[in-house]
Amino acid sequence: MSRILAVSGVKNSGKTTYIEQLLAYLGEKGIKTAVIKHDGHEFEPDVAGTDSWKYRQAGAYGCAVYSGSKFMAIREWPQEDPEALMRLFPDADLLLLEGFKYSGYPKIELVREGISKDPVCPRETVIAYVTDIREKLPWMEGEIPVYRFEQVQEVAEQLLIKK
């Protein structure tokens with residue numbers, strides 16, 4: 001089973017951008033990483049006008065498109081089961097989850113000034129905080145390390161690669 005780590009925080013805290021930076025660094029180090037993102041809204045998984053979109057509009061509950069090097073599958077899915085999605089990536093060295101702030105998964109929580117001043121994740125699940133807040137706040141004290149947003153390589157080396 002892959003190592004699993006959530007990158008969490010409130011909306012607009014920079015999760016996607018931070019994961020992109022982690023992915024770039026991890027890729028350079030040869031760490032095969034997959035990402036699962038939770039979307040709190042219903043999203044449209046297909047582009048209007050494509051063949052797969054047409055099939056779904058015509059009544060297919062699912063459709064897969066593949067080529068020689070990748071595939072994409074879309075299907076109706078009435079339950080929320082992140083573990084089922086995780087099984088899609090058995091060869092990943094690391095599985096990053098975007099969001100999942102209230103889950104029991106270990107997580108890096110992003111706290112961005114102007115967006116939030118306090119963490120929202122259960123403290124016992126947080127392995128590190130990443131923030132741009134300069135003042136010392138009570139949640140920054142203790143054994144949970146606090147990093148700056150620009151310390152992506154340090155976070156990757158200390159939390160993701162060496163474990």
Side-chain angles (χ1 to χ4, degrees), residues 1-47 50-53 55-56 61-112 119-132 143-163:
M1 181 66 151
S2 306
R3 287 197 54 232
I4 301 170
L5 179 73
V7 176
S8 304
V10 298
K11 183 178 179 173
N12 294 324
S13 58
K15 296 179 295 291
T16 300
T17 301
Y18 196 75
I19 289 173
E20 288 175 314
Q21 294 170 348
L22 282 172
L23 289 169
Y25 186 74
L26 293 168
E28 289 174 9
K29 296 295 183 181
I31 307 295
K32 193 173 190 177
T33 308
V35 180
I36 296 175
K37 175 184 173 59
H38 178 261
D39 186 346
H41 312 284
E42 285 300 314
F43 66 96
E44 182 55 49
D46 208 351
V47 178
T50 61
D51 291 347
S52 56
W53 180 85
Y55 299 148
R56 290 188 63 242
Y61 88 97
C63 181
V65 179
Y66 71 98
S67 67
S69 62
K70 58 188 156 285
F71 77 92
M72 176 182 74
I74 301 164
R75 64 173 283 181
E76 298 298 318
W77 193 31
Q79 76 276 6
E80 190 170 310
D81 183 7
E83 283 78 24
L85 294 174
M86 293 175 197
R87 289 190 291 274
L88 294 173
F89 305 103
D91 53 341
D93 298 317
L94 174 66
L95 187 54
L96 293 177
L97 309 175
E98 181 178 328
F100 295 82
K101 63 185 166 221
Y102 302 121
S103 73
Y105 296 109
K107 58 190 59 77
I108 296 170
E109 183 171 359
L110 310 184
V111 184
R112 185 168 301 277
V120 295
C121 299
R123 189 169 174 88
E124 64 274 8
T125 65
V126 177
I127 62 170
Y129 293 110
V130 175
T131 188
D132 58 355
E143 68 258 11
I144 299 174
V146 179
Y147 296 93
R148 311 297 301 158
F149 276 95
E150 58 273 9
Q151 291 180 293
V152 172
Q153 292 181 3
E154 291 90 338
V155 169
E157 289 290 337
Q158 293 176 20
L159 302 176
L160 306 177
I161 295 175
K162 292 186 178 177
K163 295 259 176 181

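Listed by chain and residue number, nothing satisfies the salt bridge (charged side-chain N to carboxylate O under 4.0 Å, His left out) test with Asp51 (two or more places apart in sequence, or in another chain). For Val126, the side chain to side chain contact (heavy atoms under 4.5 Å, CB included) partners two or more places apart in sequence, or in a different chain, are Lys107, Glu109, Cys121, Tyr129, Ile144. Residues passing the side chain to side chain contact (heavy atoms under 4.5 Å, CB included) test with Ala73, sequence neighbours excluded: Ala64, Phe71. Evaluation of the side chain to side chain contact (heavy atoms under 4.5 Å, CB included) rule for Ser67 yields Ser69, Lys70 as partners, not counting sequence neighbours. Lys29 is linked by a side-chain hydrogen bond (donor to acceptor under 3.5 Å, both in side chains) to nothing, counting only residues two or more places apart in sequence or in another chain. Under the salt bridge (charged side-chain N to carboxylate O under 4.0 Å, His left out) criterion, Arg56 pairs with Glu44, Glu76, sequence neighbours left out. Taking the side-chain hydrogen bond (donor to acceptor under 3.5 Å, both in side chains) definition, one finds that Thr17 meets it with nothing, sequence neighbours left out. Under the rule for a side chain to side chain contact (heavy atoms under 4.5 Å, CB included), the partners of Asn12 that lie at least two apart in sequence or sit in another chain are Ile115. Partners of Tyr55 according to the side-chain hydrogen bond (donor to acceptor under 3.5 Å, both in side chains) rule, which considers only residues two or more places apart in sequence or in another chain, do not exist here.
Pairing each heavy atom of Val10 with each of Lys101, the nearest pair is CA-NZ, 4.3 Å. When all heavy atoms are compared, the tightest approach of Val7 to Lys15 is O-CD, 3.6 Å. A pairwise comparison of heavy atoms in Pro106 and Ile127 identifies CB-CG2, 4.0 Å as the closest pair. In this structure, Leu95 and Phe89 approach most closely via the heavy-atom pair CD1-CD1, 4.2 Å. Taking all atoms of both residues into account, the shortest heavy-atom contact from Lys37 to Thr16 is NZ-OG1, 4.3 Å. What you find for Leu160 and Leu22 is that their closest heavy atoms are CD1-CD2, 3.9 Å.
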- request: Go through the steps for Asp132 and Arg112 under the test salt bridge (charged side-chain N to carboxylate O under 4.0 Å, His left out), then give the verdict.
  value: CA-CA 6 Å; Asp132 58 355; Arg112 185 168 301 277; 3.5 Å; yes
field: Stepwise side chain to side chain contact (heavy atoms under 4.5 Å, CB included) test for Tyr102 and Thr125
entry: CA-CA 9 Å; Tyr102 302 121; Thr125 65; over 6 Å; no
message: Run Leu159 and Tyr147 through side chain to side chain contact (heavy atoms under 4.5 Å, CB included) and show every step you take.
response: CA-CA 11 Å; Leu159 302 176; Tyr147 296 93; 4.1 Å; yes
- prompt: Given Glu98 and Ile36, is the side chain to side chain contact (heavy atoms under 4.5 Å, CB included) satisfied, shown in steps?
  reply: CA-CA 6 Å; Glu98 181 178 328; Ile36 296 175; over 6 Å; no
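Atom-to-atom distance recorded for Thr131:OG1 and Leu110:CG is 9.0 Å, nearest 0.5 angstrom. The line from CD of Glu83 to CG of Leu88 is 12.0 Å long, rounded to the nearest 0.5 Å. Separating the CG atom in Leu94 from the CD1 atom in Ile31 is a distance of 7.5 Å, to the nearest 0.5 Å. With rounding to the nearest 0.5 Å, the separation of OG in Ser8 from CD1 in Ile108 is 9.0 Å.
Applying the side-chain hydrogen bond (donor to acceptor under 3.5 Å, both in side chains) definition to pairs two or more places apart or across chains, those involving residues 18-28 are Tyr25-Glu157.
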